[in-house]
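Data block below; observations after.
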Amino acid sequence: MLLSGLNKEQQSAVTCDVSSSVLVLAGAGSGKTRVLTTRVAWLIENNFATLEQILAVTFTNKAAKEMQHRVSEILHVPVSKNLWIGTFHSISLKILGKHSVEANLPKFFQVIDSHDQQNLIRRLLKNLNLEEDNYPPKELQKFINNHKELGMRADGLAPDGMRQQMYVKVYQEYESYCNQEGLVDFTELLLRCYELLSTQKDILNMYRARFRHILIDEFQDTNDLQYRWIKLLAGADNKVFAVGDDDQSIYAFRGAKVSNMQSFIRDFNVGETIRLEQNYRSTPEILSAANAIIANNNGRIGKNLWTNNQASDKLHLYEAYTEEDEAFFVVDEIKNLARQGYDLSRIAILYRSNAQSRVFEQLFYQQGIAYQVYGGLRFFDRQEIKHALAYLRLVVNSSDNEAFLRIINFPARGIGAVSIVNLQSIADERQVSLFDACKISEGKSSKNLLKFVTLIENIKVNVVNLDLQDTMAYIIEASGLKAHYEEDKKSGVERLENLNELINAIAIYNKDGVNSVAEFLANAVLESSGDTQKPTLGSAVQLLTIHSAKGLEFDTVFIAGLEDGLFPHDNCLMENKELEEERRLMYVAITRARKKLYLLRACSRLMWGKRQSAPLSRFVNEIPSELINNISGISQIGSTDINGIEQDASNYNHGIAPKNPETKISRVSLLENDLTIKIGDTVKHAKFGNGKVLHLNIDGKKMTGDIFFIGLGKKTLDLNIAKIEKC
DNA sequence: AATTCTATCATTTTT
DNA sequence: TGATAGAATT
């Protein structure tokens with residue numbers, strides 16, 4: 001029953017011998033998640049394990065939720081309470097929360113994200129009188145995280161030379177500050193958990209006795225520490241069911257090691273590796289393109305992904321003049337699809353870097369296309385959210401100095417830098433928190449400080465009987481945050497919306513039966529913005545990086561910015577290892593598509609305020625040309641010389657229908673000399689040469705056009721005066 | 001203390 | 001180019 005609908009390989013993976021560890025090599029779109037969830041259900045139904053005896057580790061919170069949902073569905077019972085499903089980080093957090101004393105953590109330890117981590121390092125550098133130019137915070141962050149990933153604490157390091165010494169010094173300071181303030185960064189969650197389990201045998205044995213079956217998703221993306229963590233937890237007796245695809249390893253930059261798959265086979269005595277090679281997702285054309293690209297990588301474990309799906313369209317390549325043009329094209333296609341009643345949420349635009357989303361966002365907004373962006377500025381990174389949470393933190397734990405500093409003078413209450421320095425010295429002297437120092441401070445602002453103390457204490461009293469979301473709502477009001485943002489004309493409305501959204505997020509969170517403030521705060525940091533993004537009404541086009549698209553699928557996919565230098569990224573062109581990772585990223589991008597795949601490239605792109613041109617991505621050239629339909633007609637595949645673009649670029653009809661008549665972008669503009677031009681047309685100017693029409697504006701009698709000329713960039717011309725002709 | 005100005009950074013990807 | 005943090009100004 002459980003196994004119906006599964007193919008032979010999937011079935012043998014699900015029903016694999018429970019007395020040994022298993023490695024499943026699962027190609028893209030081969031039903032990996034289904035195998036994982038069915039395996040869990042199968043273990044339960046056949047009494048090989050109870051829900052409590054299973055630990056499932058996923059790569060993202062999103063994947064964890066999806067898996068929880070699907071297991072509940074198969075088993076017809078909600079499994080959230082008993083079955084542990086989560087990321088390495090969230091499971092480590094859960095364990096640390098249960099054993100904070102043994103882990104030498106304060107009861108209210110605070111998880112910090114990499115942003116906070118970097119800011120903290122900056123502050124420490126300042127205290128140590130080190131120039132950021134000589135000691136880049138990013139480098140130090142890497143240094144600290146890398147060492148933590150190798151299990152190395154600052155004290156155990158033997159620095160070599162002056163520079164190394166300073167690095168270690170910063171690491172030391174960082175550690176002692178974190179310990180003092182109860183701060184835990186992402187890597188620390190794992191390392192601290194690992195240390196807890198390896199030093200406290202009774203705790204380790206308890207978990208070993210519990211988790212008889214450990215399932216790991218996206219195994220190719222595990223790093224050293226995670227691998228050791230699994231090994232420790234599994235011990236000699238428990239069995240690990242690992243699923244991965246070496247071709248989809250895209251996190252080596254973060255320390256992920258594909259070689260963990262080989263190590264796993266050796267260390268866990270894996271007898272037979274099961275391969276899932278039938279792809280159920282994509283058309284043969286899409287799959288062939290993906291296979292052709294990934295074949296250029298060396299050292300692959302190797303597999304032969306195939307499909308029975310029906311032959312369909314070729315891949316479409318559109319070579320745009322600029323990034324705006326690129327977005328125009330996408331809008332046009334989406335409008336066509338929308339007219340046919342296509343569900344917009346099945347469309348995704350994938351890009352290499354977050355910054356690329358902006359052009360799309362702007363145009364989508366302008367054209368009234370619903371869209372949703374994942375990633376980018378994270379919800380919990382916004383200042384208003386951080387402020388609100390800082391109040392919450394201080395109310396829960398008055399010795400949270402980080403939170404104190406964030407809100408002591410926000411909204412402004414007359415407490416300046418001088419008062420804070422005073423407070424700090426009092427706190428140091430008497431060994432008390434900054435908050436307690438307020439009560440004993442003397443001086444000009446002591447009145448204001450006491451007022452602040454009263455404010456917090458009052459909040460404390462008034463929220464005792466409130467649940468988490470009412471507490472938050474009350475805090476936003478009582479702290480004066482709400483009033484402050486109501487006054488703010490510039491961005492107040494949006495910030496208030498976000499604060500409301502925060503209350504909603506808490507409500508959703510509370511529904512799952514979790515209601516400890518500390519737990520919420522910690523998880524808030526771990527949740528990427530994906531789930532906490534403002535919900536969009538109805539269906540919306542999905543905009544996301546390729547990294548965050550891993551594990552997802554869409555009917556129609558646009559891959560934007562296929563230019564050498566952007567994708568593959570400049571920083572990855574030097575080393576073959578890195579180029580191969582970029583290629584895997586391209587492989588992941590392509591294999592997200594079910595039916596339609598568009599490859600997009602801009603001949604020139606605005607970067608750092610400057611217009612720069614780049615050749616077509618080498619990855620596109622790795623796709624056999626018979627699989628590609630070049631609808632731009634700008635250049636043949638392989639031609640990377642944008643100066644050679646002289647032919648008609650508009651054999652693809654690229655008109656844009658305006659949403660409102662008053663929209664300045666119009667589809668067609670009629671000139672007095674009987675010439676009709678529209679957006680997307682290539683025109684010839686006597687002086688500037690060939691160019692492409694990007695915008696048409698009509699303001700009264702005045703007609704202007706933004707035209708992009710090769711080598712010159714965008715120019716706005718008065719169409720009644722400028723001498724242009726259609727090519 | 002609030003507003004405006006200016007300088008600097010950012011664009012590789014995420015838990 | 002555009003966001004933002006810190007400086008400078010009122």
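Below, chain A is the first sequence line, B the second, and so on; all start at residue 1. Since the structure is predicted, the reported quantities are computational estimates derived from the model, not experimental observations.
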For the side chain of [X], counting heavy atoms from C-beta on, which of [options] is nearest?
X         : options                  : answer
Arg358(A) : dG2(C), dT12(B), dT15(B) : dG2(C)
Leu606(A) : dT11(B), dT15(B), dT1(C) : dT1(C)
Ser114(A) : dT11(B), dT1(C), dT15(B) : dT15(B)
His547(A) : dT13(B), dT12(B), dT1(C) : dT13(B)

(request) For the pair Glu175(A) and Arg192(A), find out whether any cationic side-chain nitrogen is under 4.0 Å from an anionic carboxylate oxygen. (result) no
Among all residues two or more places apart in sequence or in another chain, which pass the side-chain hydrogen bond (donor to acceptor under 3.5 Å, both in side chains) test with [X]?
X         : answer
Glu326(A) : Arg605(A)
Ser441(A) : none
Ser353(A) : Gln356(A)

Rounded distance in Å - [atom1] ([X]) to [atom2] ([N]):
X         : N       : atom1 : atom2 : answer
Lys138(A) : dC9(B)  : NZ    : C1'   : 10 Å
Trp608(A) : dA3(C)  : CH2   : C1'   : 13 Å
Glu582(A) : dT11(B) : CD    : P     : 16 Å
Phe219(A) : dT15(B) : CZ    : P     : 20 Å
Asp221(A) : dT13(B) : CG    : P     : 16 Å
Asp116(A) : dT15(B) : CG    : P     : 15 Å
Asn354(A) : dT14(B) : CG    : C1'   : 10 Å
Gln356(A) : dT11(B) : CD    : P     : 12 Å

(request) Give me the residues of residues 184-191 of chain A where at least one heavy atom lies under 4.0 Å from an atom of DNA chain B, by number, or none. (result) Phe186(A)
(request) Under 4.0 Å from any atom of DNA chain B, heavy atoms only: list the residues of residues 249-259 of chain A that qualify, in numerical order. (result) Tyr251(A), Phe253(A), Arg254(A)
(message) Side-chain N or O of Asn61(A) versus OP1/OP2 of dT14(B): is the shortest distance under 4.0 Å?
(response) no
(message) Is Thr545(A) close enough to dT14(B) that one of its side-chain N or O atoms is under 4.0 Å from OP1 or OP2 there?
(response) yes
(message) Using a heavy-atom cut-off of 4.0 Å across all strands, would you classify Ser90(A) as base, sugar-phosphate, or nothing?
(response) nothing
(message) Please give the distance between the P atoms of dT4(C) and dT13(B) as a whole number of Å.
(response) 16 Å
(message) Need to verify one output field. Residue with the more 5' nearest nucleotide on DNA chain B, Asn571(A) or Phe88(A)?
(response) Asn571(A)
(message) I want to confirm an ordering. Mapping Arg122(A) and Ser548(A) to their closest nucleotides on DNA chain B, which one lands closer to the 5' end?
(response) Arg122(A)
(message) Using a 6.0 Å distance limit plus a 45 degree cone around the ring axis, check whether Lys62(A) lies over the aromatic ring of Tyr374(A).
(response) yes
(message) Can you confirm if the NZ or CZ of Arg254(A) lies within 45° of the ring axis of Tyr251(A) and under 6.0 Å from the centre of its six-membered ring?
(response) yes
(request) Just jot down the salt bridge (Lys or Arg N to Asp or Glu O under 4.0 Å) partners of Asp217(A), sequence neighbours excluded, or say none. (result) Lys32(A)
(request) Please name all residues satisfying salt bridge (Lys or Arg N to Asp or Glu O under 4.0 Å) with Lys550(A), sequence neighbours left out, ordered by chain then number. (result) Glu218(A), Asp221(A)
(request) List in chain and number order the residues that pass side-chain contact (heavy atoms from CB on, under 4.5 Å) with Glu582(A), two or more places apart in sequence or in another chain; answer none if no residue qualifies. (result) Arg352(A), Phe567(A), Pro568(A), His569(A), Cys572(A), Leu585(A), Phe619(A)
(message) Tell me every residue that passes side-chain contact (heavy atoms from CB on, under 4.5 Å) with Glu402(A), counting only those two or more places apart in sequence or in another chain.
(response) Arg123(A), Tyr177(A), Leu183(A), Arg393(A), Asp400(A)
(request) Flag as yes if His89(A) stacks onto the base of dT15(B) (centroids under 5.5 Å, planes under 30°), otherwise no. (result) no
